[in-house]
Each structure stands twice: as structure tokens, then as C-alpha cells.
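Right, one structure below, let's go through it.
Source: prediction; values computed, not measured.
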Protein chains: 2
Amino acid sequence: MAMDRDQVLRAAAALLSRKSTATMDEVAKAAGIGRATLHRHFAGRDALVKALEELGIREFEGAFDRARLAEGTAEEALRRLVAETEPNAQLLAFLVTENQLFEGDEVHEGWTRLDARVSALFKRGQEEGDFRIDLSLAWLTEALYGLIGTCAWAVMDGRVAAKDFQYMVIELLLGGARRSVEK
Amino acid sequence: MAMDRDQVLRAAAALLSRKSTATMDEVAKAAGIGRATLHRHFAGRDALVKALEELGIREFEGAFDRARLAEGTAEEALRRLVAETEPNAQLLAFLVTENQLFEGDEVHEGWTRLDARVSALFKRGQEEGDFRIDLSLAWLTEALYGLIGTCAWAVMDGRVAAKDFQYMVIELLLGGARRSVEK
DNA sequence: CTCAAATGAGACGTCGATGTCTCATTCAAT
DNA sequence: ATTGAATGAGACATCGACGTCTCATTTGAG
């Protein structure tokens, strides 16, 4: 069975999101190709992870574009963003935890761009009076990634229904657990 | 230099929380003991991780006890819980991501107990009208762990100030990012 | 159909981490 | 001071994953 390089990447992403220590052999099996062919596409494990990172960045830049973060209220934009992000939530979870390992290494420039876009969205929300100003932009950004990743894991483990993903992430992120009076 | 078994465990926890792929040799160095001695304490890497898991469970059971989850409002109890959890937030982050790897293996019974206590706290909050009922108990529990771990990482990376840890976690978890009218 | 390119399966050799072992040294209790 | 236990350093074999290579087979374009 022959697969496009992108299809291989997506299969690898699906596997590695669940089992980040999976062997190259397991990745090849999961992609339905031979290990040799996998090595023909990606020089090694590092190259594979780097390619996954770039796939993720591509996907999320696309998702950010589709979410039209500048339109409507910041809250509406954030809702669209979570919705657009859902298909790649597992990949995000993988990349976020993977990035924890890179200590000294410089962070991929693409992440900086994405962080800046998220941060700008939260900033707009704060300036327009929709979001709290006592939570730092950096923390709101991290919390968004964290909640998406956490919920992706919870869905994988069956603790949260897949259909509830968007609702759970966005409602907790926006409204929190406290029951407010006007609700 | 001789170290107590528990001191070794804490040193290992501190290292592995930041670099989960650290070598047994690195762990030994970090603990200030020889690799042979490390092996005398823990049969192997698996045994070390299992011991770390049990240390974590012990610590968190203690933290839960000190937080007196049954007293006061659920919100107050949750605030105390986050405060008591902070010293071991890195360990929690490590164990949560590590647990993602155990696929078929059964989950440690201690986690089930802890999950039940957190879940019961959120349930109490829902029944007393303090917490929203449209967010499932399982999700609230996962989100608590996720936000603690995410914030622990953010602090390690310097994106969030250590002194803000409790505030950022509890405020986002309870109130969310939205600016509500009565605040 | 023909043939060149790509693939899959497997056989290597390499390397790093692991786990065991030995032995000299240190530590602590007596 | 003496002695037995614990430790640190290092040697050693093992094992798993990796990366490269070969070769028979398949694929696909002409």
C-alpha cells in the first residue's frame, strides 16, 4: 500500500498522540507502510517529529485563518477557534507535551507566530471589556492549549464524549466552573 | 553522600518532571548518588516510576486531607485544594502525562480514590448550587489536573510567575476568562 | 506490454541505556 | 580502634531501537 507523505504524517500523528514513545516500526505499521519506506520519507525519528511539528503549525495556521479571529466579538472568535482546532486536538496535545522536552533548543518560529495570534485575540477581548484583565495573556494562551490537550486526552480515554469536546473546552475556558447568577 | 530513599525519590521527581526521558544515570547524578545505589533502591526504571507514582499518590492524599474538602463551601475547599497541591504540581504534571502511556495497563487504584474525592467535591458544589451542572464531573476533574499541570509547565518555562500559580489556576478554573458583570 | 521507479520485507551493524557484578572505599555502630 | 554494612566508580554483557543496505516484488507511466 502506498501512501502520500501527508497521509503518513497524519497516521503518525494519530498514533504518537496516543503513545508518544511508539517505535518507528510501530509508526510504519500504523501508516500501513514498511519501515524502510518510512525512512525514505523521513531521515529519522527527529525528522519525523519535526515534520509533525510543521504539519501541526500548518494545520493550526489554517484553523486560525478559518476562525477569522478579528471578526465579531473576541468571545465569538474564540468559539470559532476552538471549533476549528478540534480536528487536530490530538496533534496539539502531542506537540505541546513534546515541546516540554526541548530544553535548550530554540522553539520553532511558527509557534511564536501562533502564540502571538492567540495572545492578540485575548488582548482584544480584554481591551473590549469581554475578558478579564487579571489573567495574563501568556496564561490565557497556555490555558487554551492545555484545556484543548486535556480534553483531547479525556475524549481518547472515553471520559468525555467526543461530541461534547467543543462545549466543555469553551465553556470552562470562558465561564469557569462557578455558577454565576445571571446564567 | 547518602540519601534517604524518599529524598532520592524527590530528586528524581524534580528531574523527571522537567525531563521525562532522563536517563537512570542522570537521575542518579541528580540525586547525588551512584547509579549502582539507585538500582539498589529501585530494581529498574519501571520500579522507579511506580515508586514515584506512589509518592505522588501519598502526597496528594495528604494534600487532600489538609484541604478539608468537606468543610465550607465547595469553592473554598477547591481553593484550599489548589493551594495544597502547588508544592507537588510538577510531580502531578509528570504523572498525568506519564499515565497517558499506560494503555492496556490498569490504572493505579490510588488514582481512582483521588479522582473520586475530586469528583465528590465538584458534585457537592453542583448540588449546593455553587458549580455549573452542565460541565460533567469527569471533565471538571480532568480540567483541574490539566490546568495545574499546564500552569506548572508555564511556571517552569517562566511564562507565569511562580507567585501567581494559585491565582491563575483557581481563577480560571472557577471564573473562566469571561468578564462577568457582577465582578 | 515494458521498464524504470518505488515499495516491503528482512538482514545486518551500531549505539545508547539498562541491569548486574566486582572491588576499593567510606560510614556507622560497637 | 574494629568490623560489618553501605556506597561509588567502573567494567561488562544484554537488549531494544535505530539507520543502512540488499533484493525480490509491485506499481505505474509510457
- Any ion pair linking B:Glu128 and B:Arg124 (charged N to carboxylate O, less than 4.0 Å)? yes
- Note on the structure: Assign each of A:Arg35 and A:Leu38 the nucleotide of DNA chain C bearing its closest heavy atom; nearer the 5' end lies the nucleotide of A:Leu38
Euclidean distance, atom [atom1] of residue [X] to atom [atom2] of [N] [Å, nearest integer]:
X       : N      : atom1 : atom2 : value
B:Asp4  : D:dT7  : CG    : P     : 10 Å
A:His39 : C:dT14 : NE2   : C1'   : 13 Å
B:Arg5  : D:dT7  : CZ    : C1'   : 17 Å
B:Met24 : D:dC15 : CE    : P     : 18 Å
A:Asp46 : C:dG16 : CG    : P     : 13 Å

Out of [options], which nucleotide sits closest to the side chain of [X]?
X       : options               : answer
A:His41 : C:dT7, D:dT7, C:dT20  : C:dT7
B:Ile33 : D:dG8, C:dG19, C:dG8  : D:dG8
B:Thr23 : C:dT18, D:dG8, C:dG8  : C:dT18
A:Thr37 : C:dG8, C:dT20, D:dC18 : C:dG8

- Message: Need to verify one output field. Residue with the more 5' nearest nucleotide on DNA chain D, A:Ala36 or A:Asp25?
- Response: A:Asp25
- Item | Distance, nearest 0.5 Å, that separates CD1 of B:Ile170 from CG of B:Leu174 | 4.5 Å
- Message: So, taking the atom named NZ in A:Lys29 and the one named CG in A:Leu38, what distance separates them when rounded to the nearest 0.5 Å?
- Response: 10.5 Å
- Message: Looking at the base of D:dG19, is there any donor atom on it, or on the side chain of A:Arg40, that sits under 3.5 Å from an acceptor on the other one?
- Response: no
- Message: Less than 4.0 angstrom between a side-chain N/O of B:Arg45 and OP1 or OP2 of C:dT18, yes or no?
- Response: yes
- Task: Sort and list the pairs that fulfil salt bridge (Lys or Arg N to Asp or Glu O under 4.0 Å) and have at least one residue in residues 38-53 of chain B, not counting sequence neighbours.
- Result: none
